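All values reported here derive from a predicted model rather than from experimental measurement. Along the sequence shown, residues are numbered consecutively beginning with 1.
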Amino acid sequence: MFTFFIVFIANLIIGILVGMSGVSGFLLPIIYVGFLGLPVHDSLALSFLAFLVAGAIGAYSYWKLKFMDFKLALYLSIGSLPGALLGVQINVLISETLAKLLLYLFVLFAGLSIILKKNKAQSDSEAENSKSFILKQPIWVILLGVLTAAICALTGAGGPILIVPLLASLGVNIRTAVGVGLLNSVIIALPSIFGYFSYASIDNMQWFILFSLIGTTIGILTGSRVANKVPVEQLKIFIAVITIISSVYMLRSLVFGG
């Protein structure tokens, strides 16, 4: 029962952080794998289930705020479905040690990217004028969806941590990029959930699912309500520091043992 309580608390806290800042979902797999010692496939199945809930609630919130580009999201999603399936299959084929290594390295990269990237807000007209030619060609957007979804499904990243900075760098308004990233994370999560759950092996999975969903839902709703009261940039730095420390610790444990 204590393990289920930890699952609930982990999903609650990370759900709150996602609701407030739009990032940190990628920490869930490292908690499941690194600190609870769950198998990689089970951990990723539970993580993507949480990403599905978080993405759906978050995308709806951004749509209500009019920060959503459905055309861009559609083309990304067309590529994301096969990309996510490809990522799951690659993860299944490689060893668990290599899967852990890729997970920890990607989480480290995610933490560093939070610190290094600058989220400069743009007006809609500025964003439209500064959009890269890549985003104006559907085939390139679809290929971008394939690539990012494959990486996210393979490593256990939620989606926004990778696609948001990429879209922003290509000229998309940062808030719109977050909205599209959250919606795209739902598309990535769907095949990932079915793929990883088919390889899940732990007992009492239904209880893991229940406590995960309850914690995530409460967390996301709570985080969304207090988002405007929290200094987001300082929160992101805090998340990044915790992320970097955790990933370095787990990499050291994986390489040197103990």
Considering only heavy atoms from C-beta outward, does the side chain of [X] approach that of [Y] to under 4.5 Å?
X    : Y    : value
I163 : L76  : yes
D42  : F208 : no
L102 : I94  : yes
F109 : L112 : no
F35  : I6   : no
L144 : Y75  : no
L108 : I244 : yes
V180 : V172 : no

hydrophobic_cluster_shared for [Y] and [X], side chain cutoff 4.5 Å:
X    : Y    : value
L93  : V40  : no
L81  : F48  : no
I187 : I151 : no
I218 : F4   : yes

Look up atom [atom1] in [X] and atom [atom2] in [Y], then write down how far apart they are to the nearest 0.5 Å.
X    : Y    : atom1 : atom2 : result
L44  : L38  : CG    : CG    : 10.5 Å
L170 : L135 : CG    : CG    : 5.0 Å
I57  : I220 : CD1   : CD1   : 6.0 Å
W63  : D69  : CH2   : CG    : 15.0 Å
Y62  : L183 : OH    : CG    : 13.0 Å
I16  : L221 : CD1   : CG    : 10.5 Å

| query | With sequence neighbours left out, what residues match S212 under side-chain hydrogen bond (donor to acceptor under 3.5 Å, both in side chains)? | reply |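 For S212, the residues satisfying side-chain hydrogen bond (donor to acceptor under 3.5 Å, both in side chains) (neighbours in sequence not counted) are N11.
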List the atom of [X], the atom of [Y], and the distance in Å for their closest heavy-atom pair.
X    : Y    : result
P82  : V146 : CG-CG2, 4.5 Å
G156 : F51  : O-CE1, 3.3 Å
L86  : A150 : CD2-CB, 4.4 Å
N184 : S80  : ND2-OG, 2.8 Å
L167 : A177 : CB-CB, 3.9 Å

| task | For I14 and I31, run side chain to side chain contact (heavy atoms under 4.5 Å, CB included): C-alpha distance rounded to whole Å, both residues' side-chain angles, the deciding distance at 0.1 Å, then the answer. | result | CA-CA 10 Å; I14 291 178; I31 292 174; 3.5 Å; yes
With a 3.5 Å cut-off and sequence neighbours excluded, list the donor-acceptor pairs that the side chains of residues 189-201 form with protein atoms.
| residue | atom | partner | partner atom | Å |
| --- | --- | --- | --- | --- |
| S192 | OG | I188 | O | 2.7 |
| Y196 | OH | A153 | O | 2.6 |
| S198 | OG | G195 | O | 2.5 |

| query | Under the side chain to side chain contact (heavy atoms under 4.5 Å, CB included) test, which residues partner L105, sequence neighbours left out? | reply | L101, L251
| said: Can you tell me if F5 has over 12 outside heavy atoms packed within less than 6.0 Å of its CZ? | reply: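 Atom CZ in F5 is not crowded, with 12 or fewer foreign heavy atoms closer than 6.0 Å.
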| task | Look at the aromatic rings of W207 and F211 and report parallel, tilted or perpendicular, splitting at 30° and 60°. | result | tilted
